[in-house]
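Atoms within each ligand, like the ligands themselves, are counted from 1 in listed order.
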Amino acid sequence: MPRHLAREALTLAASSGAPFHVQLAGGEPTLEPGLIEYVGRTIRVAQWPATIAIQTNATLVNKSLIDLCLRYDIQIGVSIDGPPDVQERLRGGAGAAFRGLALLEAASVPVRVTAVLSSINAGRLRDLAMALARFSNIRGVGLDPLVMSGRAAGAVDLAPSQEAATSGARDFFEAMRWVGRATGMQWRELEAVRKALSGGGASRHYCHACTGESLGVHPDGGVYPCGQTLGDSTMSAGTVERIEWDRLKGFFHGKELSGDCRTCRLGNRCPGDCPSRLHYNGEIDPAMCAIYRSIAASLAAGEGMKESPSHERGGSPGFAQ
Ligand code: SF4
Ligand code: SF4
C-alpha cells in the first residue's frame, strides 16, 4: 500500500474525532515493517485516539519488530491453528511461528491468538490449548470457523461439520478449564456465552461492519465493508476518495446467526457471528452456532471454569473485530 493512501485512509478515520481502531492485516503484514512503522508514527505523532493492531503468523517476529510494536503501542494478534504439527500442515512455518511466540513471551509482550477452525483441526483443539498453555504472555484465544472465501472458496470439505464443531468445542472447554485456571488465558467464545447468559450484550452488533462503521482499504485504494471482503468486486463500496456510504452500510443488514433457537439455552441472547462469514458460508450450517451451543451445554452441566484470573496479567485487552 502506498504511504499516501495509508495516510489518506487514516486521515478519513480520524476526521470524526471519535476513537477508532486500525487493524493491519495481509497476507502477512510483517513483510512490510516500514509500512507498519509509517502507520504507527503517523497516528502517534498526530495524537489521534486510535488503537493499532497487527494480525501475524509470527514467523517473522524479531527484536526489531517487537521494538517497533512497543514504540507505537501496537497490539499483536497471532494466527495459530493447532499444535506444531497441525500448524505446519495448515500454514507451514510452525517452528518459526512458535519461536516467534517465544520471543514475544521473552519480551513480555501480550498476545491474543486466533485459530481458524476447520475440519482438519477440529479434533485437535485440546492439543491447541495445551500448546498455548506454555506461553505466559497469551491473554486470550478465539476460534474463528473457516470462511469460505479466497483460497477456501468452494472447499466445503474443509468446513467443520456441526458434530466436529460441537465435540471440538467440548474438548476445548475441558482443556481450557485447566489452562484458564493456571494461566488466566481467556477463551473469547466462552466469555461471549457467559456474558450473554448473564444478560449482557444481547442487543450489541457483533462488529462495527454490521452497521457500516468499518472500512477495509485495499492497497489499490478500493474500499470494502471490512478486511475479510477485500478485493471481492461484489462487495466494493467505492474508493477512499469516493465512498458509497449507503452501500457500505447495507451490506450486512439483517445478516444474523440463526439455528434452532427455540431449543437453545441462549435463546434470544445469542452472541451472534461474523456477518461476513455468514455471507460467504451461505447454506453451510454455521459452526459458530454449534460452538456456542456446546459451550452453553458444558456450562449447564456444571463444568464451568472459575472466573479467569485476568487481573494477574493486567486484564484482557479484548479482541479486535
Ligand atoms: S447459538 Fe444458534 S441456536 Fe443458539 S441462539 Fe444462537 S443462533 Fe440460535
Ligand atoms: S467480524 Fe467479520 S464482518 Fe466483522 S470486521 Fe471481522 S471479519 Fe469483518
Side-chain angles (χ1 to χ4, degrees), residues 13 20-26 51 53-55 75 77 79 112 114-117 142-150 152 160 162-163 165-166 169-170 173 188-218 223-232 234-237 248-300 318-321:
F20 62 102
H21 177 73
V22 177
Q23 181 80 22
L24 303 173
T51 50
I54 59 170
Q55 187 65 32
Q75 300 161 12
S79 304
R112 289 166 287 118
T114 302
V116 173
L117 182 68
L143 298 182
D144 270 346
L146 183 67
V147 178
M148 297 291 146
S149 67
Q162 293 286 288
E163 295 73 26
T166 300
R170 196 169 48 231
F173 183 96
R188 180 182 58 189
E189 284 69 40
L190 171 61
E191 298 306 319
V193 169
R194 275 189 171 146
K195 190 170 176 184
L197 289 173
S198 68
S203 64
R204 279 187 60 230
H205 294 289
Y206 187 79
C207 70
H208 291 294
C210 296
T211 49
E213 294 175 350
S214 152
L215 204 61
V217 182
H218 191 278
V223 297
Y224 301 82
C226 76
Q228 185 78 64
T229 57
L230 225 58
D232 178 348
T234 66
M235 304 290 272
S236 165
L248 189 76
K249 285 178 187 154
F251 279 123
F252 295 137
H253 186 71
K255 212 34 115 184
E256 283 177 8
L257 185 62
S258 65
D260 188 3
C261 304
R262 286 168 308 168
T263 64
C264 180
R265 290 182 171 87
L266 284 158
N268 60 1
R269 293 172 295 181
C270 186
D273 194 5
C274 158
S276 159
R277 178 166 36 238
L278 294 170
H279 170 78
Y280 287 114
N281 289 12
E283 297 302 306
I284 295 174
D285 284 337
M288 193 58 95
C289 183
I291 291 171
Y292 288 150
R293 292 185 73 124
S294 179
I295 293 172
S298 294
L299 285 170
F319 283 78
Q321 296 294 335

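Ionic pairing of E191 and R194 is present here: one or more N-O contacts between side-chain nitrogen and carboxylate oxygen are shorter than 4.0 angstrom.
Taking the side chain as every heavy atom from C-beta outward, P271 and L266 approach each other to under 4.5 Å. Residues Y206 and L257 form no side-chain contact, since every pair of their non-hydrogen atoms from C-beta on lies 4.5 Å or further apart. Side-chain contact check for M288 versus E189: some heavy-atom pair is nearer than 4.5 Å. Looking only at side-chain heavy atoms (C-beta outward), C270 and Y292 come within less than 4.5 Å of each other.
For ligand 2 and C207, the ligand atoms under 4.0 Å from any heavy atom of the residue are 1 (S), 3 (S), 4 (Fe), 5 (S). Heavy-atom contacts of Q228 reach the following atoms of ligand 2: 7 (S) (cutoff under 4.0 Å). Applying the 4.0 Å criterion to heavy atoms of C274 picks out, from ligand 2, the atoms 1 (S), 2 (Fe), 3 (S), 7 (S). Below 4.0 Å from some heavy atom of C226 lie the following atoms of ligand 2, by number and element: 3 (S), 5 (S), 7 (S), 8 (Fe).
Contact annotation for S276 and ligand 2: heavy atoms of both the backbone and the side chain come within less than 4.0 Å of the ligand.
In this structure, P275 has a heavy atom closer than 4.0 Å to ligand 2.
Looking at R293 and T263, their side chains do bring a donor and an acceptor atom within 3.5 Å of each other.
For the atom pair OG (S298) and CZ (R170), the distance works out to 7.0 Å, reported to the nearest 0.5 Å. Taking OG1 from T229 and CE from M235, the interatomic distance works out to 5.0 Å, rounded to the nearest 0.5 Å. One finds the NE2 atom of H205 at 13.5 Å from the CZ atom of F252 (value rounded to the nearest 0.5 Å).
Around atom 8 (Fe) of ligand 1, the protein N, O or S atoms closer than 2.8 Å are C261 SG, listed by chain and residue number.
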